[in-house]
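Chain letters run A, B, ... following the sequence lines, proteins first, then strands; residues in each count from 1. None of the values given here were measured: they were computed from a predicted structure.
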2 protein chains.
Amino acid sequence: MPETPSASAQPPHRRRSASSRRAILDASLDLCADQGYGPVTVEAIAARAGVSKKTIYRWWPSKGAVVLEALDDAANPAADFPDSGDLLEDLVVQMEGLVRGLFSDRRFGPALVGLIADTQHDPMLARGLVDDLFGPRVEDARRRLVKARDVGQISQDADPNLVIELLYAPLYYRLLLHQGDLHDTTELRVLIEHVMRAVAPKT
Amino acid sequence: MPETPSASAQPPHRRRSASSRRAILDASLDLCADQGYGPVTVEAIAARAGVSKKTIYRWWPSKGAVVLEALDDAANPAADFPDSGDLLEDLVVQMEGLVRGLFSDRRFGPALVGLIADTQHDPMLARGLVDDLFGPRVEDARRRLVKARDVGQISQDADPNLVIELLYAPLYYRLLLHQGDLHDTTELRVLIEHVMRAVAPKT
DNA sequence: GGATCAAGGGAACGGCCCGTGTCGTTTCTC
DNA sequence: GAGAAACGACACGGGCCGTTCCCTTGATCC
């Protein structure tokens, strides 16, 4: 048995080269940035990273898995959900960061778009996307909303998951269905304020 | 010059075989239905339609273009926007139909999902998707909302485009980001009612 | 009704990238 | 310092791409 790279293997691969890993993740995002995700090949990533194709296939099952890990790695710092007590302002701050990443960051947006596209015919990759990339961040947002609900900033019978969808779905709708980007902060604020109105506590 | 198939050619291809066209469109949706869009190849479509690959490439530039035309062809009847005067009920009816198509119709959902994925790295195909498939239907919805606004069913300063996004984006969010399907009508009604609350006329 | 000419069928092509295998070398671990 | 695992390099069989060649079919025009 050639040792499955992904899930729970017993000894966590003691000799894996950290520098190769970095070079591969960086190369994958670089290539996505200037060609888009689609045309990028495992061979090209290997070449750019100065690494053998075999090394990539040893640790990742596919191009998508590489990009997923690269994005997860890159997104960590900026994604934290603020908690100032003012829900609306926290949402503006958090979503502004996300919008920048999705529509302006050439190292992030194109790679994520292509990755999402890829998950449409790769169930394992889809699982990774949901569990590793989206899951924790959605959970963050959910916690923030539950807290806001407990404090009475939004209605008691508002479903946090629905609120998340109303807030974030339009971003991905525009991104994936080519409906133009969210250019200015004003537009974002209008969106958030409408959603807040939908879940305002009953007076 | 080998005659460009897509745009404005002078004589509209007088001798094109209607039966081959039908067979190709049908074959493309059939194959999407039982393999998903991704694995489907032009060769497979040709084989299933009992047609030469060349015939496909004569009239369409890519697999995506075939599926796009097939979907546009298939969606025509069911997509009409009702106008009973009651905006909420009209939305429920229209969106129920859409949800069925997206999540239950094995001939429609998988093909559309894959097609959308494909548009992420094919700008021409993206243009076709927006202009031919989404454009006219979004315009229908927009007209219905403008009418509702004129009658005072929603707020005067509600942006129809924003309302459309709030309503429909969650559907595609769930579909493309693997967040589970919209199972029951109740859930759909809750969504619509929240959006209506966000754009309710000021009393 | 026969000539004409685009459309269609069939088969093959070079090219690209996939995922795997081989082999010799490097590098960490004990 | 010995052993093992990861690594770089290269080559492979295979699949599908989009295109090409050649020949047949069938609708349109005179």
Take a 6.0 Å sphere around CZ of B:Arg197 and say whether it holds more than 12 heavy atoms from other residues, nucleotides or ligands. yes
Quick check: are there more than 12 heavy atoms from other residues, nucleotides or ligands sitting under 6.0 Å from CZ of B:Arg22? yes
What one should report as the nearest heavy-atom pair of A:Pro160 and A:Arg149 is CD-NH1, 3.6 Å
Using the side-chain heavy atoms of B:Trp59, tell me which of these nucleotides is nearest: C:dG9, C:dA7, D:dG8. C:dA7
From [atom1] of [X] over to [atom2] of [N], roughly how many Å is that when rounded to an integer?
X	N	atom1	atom2	value
B:Arg21	C:dA7	CZ	C1'	16 Å
A:Trp60	D:dC7	CH2	C1'	13 Å
B:Asp122	D:dC17	CG	C1'	14 Å

What I want to find out is whether A:Arg137 reaches A:Asp72 closely enough, with some N-O distance under 4.0 Å, to be called a salt bridge. yes
Please determine if a side-chain N or O atom of A:Ser20 lies less than 4.0 Å away from the OP1 or OP2 oxygen of D:dA6. no
Tell me if a side-chain donor or acceptor on A:Gln179 pairs with a main-chain N or O of B:Glu165 at a distance below 3.5 Å. no
Assess the side chains of B:Glu96 and B:Thr185: does a donor N or O sit below 3.5 Å from an acceptor N or O? yes
Along nucleotides 12-21 of chain C, 5' to 3', which nucleotides get a B, which get an S, and which get a -, given that the test is a protein heavy-atom distance under 4.0 Å? B----SBBBB
